[in-house]
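In what follows, chains are A, B, ... by sequence order, proteins preceding strands, each numbered from 1.
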Amino acid sequence: MKNLGEKRKKRKPGKSAGTSRFLMALCCVIQFLFSLSVYGQRTVTVSGTVSDPDGQYLPGVNILKKGTTQGTITDTEGNYRIEVPENTTLVFSFIGFNTQEVPVKDQSVINITLAVEDHSLSDVIVVGYGTQSKRTVTSAISKVSGDVMENASLSTAGEGLKGKISGVRVYTTNNTPGAEVSFRVRDGSSLGMDNNPLVLVDGIERTIAGINPNDIASVEVLKDAASSAIYGSRASNGVILITTKRGAADTAPQITFNSSWSLESAIGFMDYLSAEEAITLERNRQQYNPNASKLLYANGYAYSTGNTSDSHFSTRYLEAGEVVPNGYKTMTDPLNTEKTIIFQDNDWVEKCFPDALWQNYDLSISGGTQAITYAASIGYNDDSGVGLGTSYDRFTARANADVRVTKKLKFSANMDFSQSNSDEFSNQYQIITRGMMTASTQKFNYDDGAYEGTPTKGMNSSSINPLFYSHYATNANRIDRTGLNGILNYDIVDGLKANVSASLYTDHYRAESFRKADPFYTQARNATANVTETQRKKFEAYLNYDKTFKDHSIGAMTGYSYQQYNYFYFYGAVSGAASDKIETLNSGSTYTNVTSSKNNDVMIGFFGRVNYDYKKKYMMTFTFRQDATSRFLKGSRWGFFPGASAGWMVSDENFMKNISQINNLKFRISYGKTGNNAVGYTDALGTYGITTKYNGGTSIATSTMPNGSLTWESTKQLDLGIDLGVLKKRVQLSFDYFNKYTDDMLTALTLPNTTGYGSVTTNYGKIRFYGWDLEINTTNIDTKDFKWTSKFTWNNVKNKVVKLPDNGRENNRIGGYTTTMADGTSVEWGGTAEGETLDRIYGQVIDHIITTQDEAALWGQLTKGYTYQDNGVTNGGWDWTTQTRKGNYTKAVGDYTFKDLDGNNIIDGKDYYLLGNTRPTDYGGMGNAFTYKNLTLDIYVDWTLGHAIRNTWLQRNIRNFFDSNTTIPAEVKKAYDPEGNGYGIADASKAKYARFGGNDADELNNNYRDPSNTFVQKGDFLCIRDISLQYDVPKDLLKRYNFSALSFILSGHNLGYITDVIGLSPEVGGNVYASDYNTYPTIRRFSLGLRLTF
Amino acid sequence: MKIKLHITILIAVAFLLPTACLDDLDIVQPSTFTSNSMWQEEGDFTSIVNGMYAIFRSGTADNLNIWGDLRSGCYGDAILNSYANAVRNNVLVEDSEGTNWQPLYTTINYANLILKHIDDIAWSKETTRNEIVANAYFMRAWCYFQIVRLWGNAPLLTAGFESTDYDLMYPSRGPAADIYTLVESDITAAGSLLTSGTSRHQASPAAINMLKAEFYLWKAKQLSGGTDALNAAKTAIDAVLNNTGYTFASDYAALFGCSTNSNKPTLSASQLETKETNTEFIWSIPYSQTEYTGSYLAYIGVNIANALDNLENNPVPIGTHAQYLSLTRNFVTWLGNELPDGVTVDKRHAINWLYMTSAENGNLDEIRVIRKFSGEWTNSTRYFTNDIPMYRLAEAYLLKAEAENALGNASGALTYLNKVAYRAYGVSCYTNTVKTEIDEAIVDEYLREFILENKFWWVFRRFGVCFDRVAALAGEENTTNILLWPIASACRTTNPNIEQTEGY
């Protein structure tokens, strides 16, 4: 063995070095697994019962002779009997209760009441490379227990954490089934790079996706730099440590079966006019349109009477003698009262997003002896998907085992696997955003003609609806995730422990798509397939030393981490298949694209920590990490990230002893530095592109400008915290103020376009994030039968750009625009500038709606106004009064007038004002749990405030473009209504919107063309996230079936939003009409679940 | 005790590992071509020459047309009438289409890098090296010639950018005269380095001479270059005419692979093969489905949503894009009615454009479509795969006529003008020897022969007829820099040293 050891030392580390060492350790473990020694002594018999504070007997309580693995457990009535040596101490332990030790002495009956575990200060917090008692923690760490997700019907763990962790904004960016949420710890840290926190699940760096929420024991978030600096370079955006459930020693096997069935439905869609209302409105309006003959009487228009039975629009005249067809309604043509219009009134939202079934099952087992503890689970989640053609299912399996090999050696193994399958829309903007604009008069399927039975076409090839898409396209994605982790813990000498671990995480993604031939847009039958495989291997080792001398405790830890990341991508695309029957690549006749690529990444880090406390009253912690990354070049690749924190348990001071209301009071202060290296693998080196071809020959393109001096972005953060427990700890409060500055920001610096490059990744500038986190936990009522507890979090975070590279512009603005004012001065806006916040929305500001013909005429003379026909610089548009478009344009009654920033009498893209900001400043959540006897009611709400949404979806809906073939939102009832036909506001001065006219872009004054304040809405929302009611079947009823617990749960998830945002999920936020915007509606679930424990 | 020893060793090894791993940080990314791998072998250079043309192709895909055609007043009034309005109406403002010089400077950066690194390696054959250098000079000259005619004063950059520490990272607009000097010397350098070959998609002696002729005619007419410049142009053009690698096609239709029925693939299989070897094309930009099809040509098809069912692809070419580009009604009328004396039919019309009216649903719809370059109709999809000619022999004839006429040789001019006329009309219709008449006829023939080939504006400018020929510019002679272009805000916001073109 010695030789082998030396050989390994000399060997260059290869890919398998970590794995083989791991196997070697495993052999040692197995070899000595059975060498545990057992010894016996002269005995006495002790018996008794164990109960909880309410007097209920506790079955399954572990009773051990202290210092041995021998013992017994209580029976179903809480009774036990054990033979023990004299002078033994018995240890009573049970999950959820404080462990109690009782010396036997001369007693033969010992009845015990176990106290409920106090989660406040005795709680153990998982910190980087170790654990620490909450009492001595001096940095800002939030913790939530996995229980918070227990009763909600969740597809992903993230859904269950919204508003529940102080300092962390958890939000949905896509509601499509199975999509993972986003996390922002104190709003991130970077301007241009990744702002996602580092997520470690049992030490494995990975996404939270694919984790069964029921497997999670706790979630810890390292928020400040002092706590996260131990993860150095990866920690700038905070660290989320997820710990999965493990077995407890000396517990009987516990088997739990959970299942839940939900009915899902989409919420939050925009209200639309009924078909009859829409036809009346459009026909009244369009008669003045220069294209009236087409829009009102030609075939192929939503509100035209010229459609035929084989058109995709249903609107047409009832022919003489014709019986009104099934499914059609009738109305009188407002333009010709002698004619009857027949039409369908189709609810596209209901058709494309019907209610769906959601199911979840999981089975878990846990338990342990002194030698081995284990926890394992399998789970299955199936979401049939509210949106047509979208579904998701996930299978998970996890097993954690800890083996006490010898007194000094412990071996732990974690294994997890998950498989997720999903179908989703390839582009929600084209399929949902634009598809939902489908007029209610459009048929679902052709009911006559050559295409009878097939879904009707969309506005154009890139604006189709879910019905059409799901009929003609398939998208199937599968992700297999596997995590394997082996850990050895060895007590070298008293207080000194070594921890060596090796892990492997593989993420295998497979996606296939096929587009069938449709008669309208494409017959190419494009098929694609791609495979992405990412693999992360990590090897870590550290030594930990803990020692207490009287009042002084010290702890020291040091170690290193080696991490290798490999990425492989393969993509193939074909077209020209002969039929729709085969959807795989082999069917194609033309290979349109085949490519593969690989990337590698290595990180090495050394880290350490020193803790010291005096009487657990004065506490200090120092940490450091030195990291190197392969992404930077030699000379710039090492970064040093130190952190320091201190705490003072004021309540332990003598002068506080008399203040009985205050149970604990701790002040904390921390400061540290963390890093970010999230640039491209070769940004430092610079790249040349090799993918394009020219005239059939290979070609090389300049793609990334080299920047050899590229180095770490670093964030320095100060945290001031206070932890307070009052009223017998019934109120626990934790408050943190933080202030962080990110320096040497890794950002794409826009280069002058004469360089031939768009930008270069560089270190420049400084940004500040600051704010506070508050968490309050209270036990409001605690009686024998009734208990009410609350949890409240509120977070505030703001940002400010402090410094940008000098570029000669005011505030060194990057991007943006310059507006030259009448007096020659200029106003710069947009982009990013010093002193400003991030993610601002700019647009035009409505001055007023023109109310009189006189004023409208005046606008014409002043040549103010807007229409794009003359390049956006001339006056007017369609003249409502004279019904003309040719000649001089002019404004009409009901048109918007916009504020003219530069006063040049031209309203254009230079007249933009700051309208809002898409980044929330405040967010939080509140949970209330009520327990009455066997009933538990949980109510969670969360909120996000202080931001705006540019609701371009509504804007586009009101614009009614695509030749007026779109549906009409009910909001138009708040628009000026020139005819006073009841679908709007007759008094222009009271209207919220300018006149609705149909096809605003082409026939009206472009009232809705540019971003304006009308469609910038307050993004604030409060979501009633989860309500659950749990009923626990009384234990004595279960006894005869040998069940230890059975609960039924009724719950609702995403019950509703209170918000001003119209027509979409306020949570997704941002700029709504962007092509990467996810419009999939919020899904509400009503569930019935049961949980059975054996 | 044994186990303790083993584990101690194990743990000791584990802790000694990192020292051996540090070399792992020097990763060579297996599928990325980094700057470390570049400029090392001859293939790197031949490939980046292709890269230079590819970036030029994608960067100027719309701009060639915007710069070369749209200000002529001959284009507009398509079904979707919002495309490049400012340019078509000659009311340019900052950020109008075509005001960003980025694609040209990007191409120039490639040329500069090639010139910078060309002698980094030892060349197996001097001719290979020279051909690469000639391509760099040729493209740099072409781009600067375009820049100086579009914007006048402009940054003059002759060293490639490879890192952020470079003196001219934030250049100012230098004098136009310096740019003309560089263009002239680059053309000369390219011409002396490349003396053989007929490559149609890269620089060739003929392509260089076409640029040279165009440049010297411009110099003669716009920069007071005098007879010297005219003679230089004539010499260059004669070299093209004497080059046996090029032939004047007998049939205008065959030249563009068009058939009059757009329902069929407009290029037959054999035509598709020959489009690359069409011997009238001297230099053209290749387009193909597997490489790149996104040129301005995509804008000429009529969107299927706008098309009249009974005319779809017969004869109206259908595309997926909305129709942005068409000929104005005035220009179509002129093309159809104002033929040269003695001419009854222009064979080019059927190929170039379609003008008809159609009754659908009781409405009279006017259809005006450019049919030239209408690509392929495959799998019910239109692919605009025509190569876009930059120089072809017909232009050489007109340049020759222009040079001869300017030098006072009217009969020489008429000879070449009539070669173009004869193919179109079947008669050599030009006989008038009055110098201004010949110039007028040359310009007219450009308009009929080179529809959508991005020549109109440059010809108007060279002949100094912008204010006569473009209605929107009539009477604007005294407006400052009216014939130049403003600079896009994107050029100025990233570089505060760039000032807006005076007058804008």
* **Inter-residue atom distance B/Asn495.CG - A/Arg809.CZ, 0.5 Å rounding** => 10.5 Å
* Asked: Among A/Asn499, A/Thr762, A/Leu685, A/Thr682, who wins on heavy-atom pairs under 4.5 Å with chain B?
  -> A/Leu685
* To do: Please check if atom NZ in A/Lys497 has more than 12 non-hydrogen atoms from other residues, nucleotides or ligands closer than 6.0 Å.
  => no
* For B/Glu499, does the CD atom sit with more than 12 other heavy atoms under 6.0 Å from it, leaving out its own atoms? -> no
* Asked: Donor-acceptor pair, B/Tyr110 side chain versus A/Thr702 backbone, under 3.5 Å?
  -> yes
* **Side chain, backbone, both or neither of A/Thr754 within contact of chain B (heavy atoms, under 4.5 Å)** => both
* Side chain / backbone / both / neither for A/Ser759 at chain B, heavy atoms under 4.5 Å -> neither
* Asked: Can you say whether A/Tyr757 sits under 4.5 Å from chain B via the side chain, the backbone, both, or neither, judging by heavy atoms?
  -> side chain
* So, do A/Tyr817 and B/Thr493 sit near enough that their side-chain heavy atoms are less than 4.5 Å apart? -> no
* Structure fact -> Checked B/Glu291, B/Gln102, B/Arg57 vs chain A; the most non-hydrogen pairs under 4.5 Å come from B/Glu291
* To do: Measure B/Pro171 against the heavy atoms of chain A and call it side chain, backbone, both or neither at under 4.5 Å.
  => side chain
* Given that the side chain runs from C-beta out, which part of A/Asp601 has a heavy atom under 4.5 Å from chain B: side chain, backbone, both or neither? -> backbone
* Structure fact -> Cut-off 4.5 Å, heavy atoms of chain A, and the answer for B/Leu113 is side chain
* Structure fact -> Most heavy-atom pairs under 4.5 Å with chain B, out of A/Ala498, A/Ala628, A/Pro706, belong to A/Pro706
* Part of B/Asn50 lying under 4.5 Å from any heavy atom of chain A -> both
* Check each atom of B/Thr164 against the heavy atoms of chain A and say whether the ones under 4.5 Å are side chain, backbone, both or neither. => both
* Minimal non-hydrogen separation, B/Gly51 against A/Ser699, with atom names -> N-CB, 3.5 Å
* Asked: Which value, rounded to the nearest 0.5 Å, describes the distance between B/Gln202 atom CD and A/Asn695 atom CG?
  -> 7.5 Å
* Residue pair B/Asn100 / A/Asn753, side-chain heavy-atom distance below 4.5 Å -> yes
* Structure fact -> Okay, A/Ile814 and chain B: the region with an atom under 4.5 Å from a heavy atom over there is neither
* Structure fact -> Scored by heavy-atom pairs under 4.5 Å with chain A, the best of B/Ser31, B/Pro30, B/Ala490, B/Ser47 is B/Ser47
* Identify which of A/Ala701, A/Ala517, A/Ser709, A/Gly815 forms the greatest number of heavy-atom pairs closer than 4.5 Å to chain B. => A/Ala701
* To do: Starting at NZ of A/Lys634, measure out to CG of B/Leu22 and round the result to the nearest 0.5 Å.
  => 9.5 Å
* Portion of A/Ile690 that has a non-hydrogen atom of chain B nearer than 4.5 angstrom -> side chain
* Structure fact -> Whatever's closer than 4.5 Å to a heavy atom in chain B on A/Thr629 counts as backbone
* Asked: So which of A/Gly696, A/Gly708, A/Gly689, A/Ser462 has the biggest tally of heavy-atom pairs under 4.5 Å with chain B?
  -> A/Gly696
* To do: Pick one of side chain, backbone, both or neither for A/Leu751, based on which atoms fall under 4.5 Å of a heavy atom in chain B.
  => both
* **Nearest atoms (heavy-atom pairs only) where B/Ser35 meets A/Tyr688** => CA-CE1, 3.8 Å
* Do the ring planes of B/Tyr53 and A/Tyr694 sit parallel (below 30°), tilted (30 to 60°) or perpendicular (above 60°)? -> parallel
* Can you measure from CD1 (B/Ile27) to OH (A/Tyr681) and round to the nearest 0.5 angstrom? => 9.5 Å
* Asked: Among A/Thr698, A/Val760, A/Asn707, A/Leu633, who wins on heavy-atom pairs under 4.5 Å with chain B?
  -> A/Thr698
* Asked: Taking atom CD1 of B/Ile55 and atom CD1 of A/Ile700, what is their separation to the nearest 0.5 Å?
  -> 13.0 Å
* **Winner by heavy-atom pair count (cut-off under 4.5 Å) against chain B, out of A/Arg637, A/Glu828, A/Met603, A/Arg813** => A/Arg637
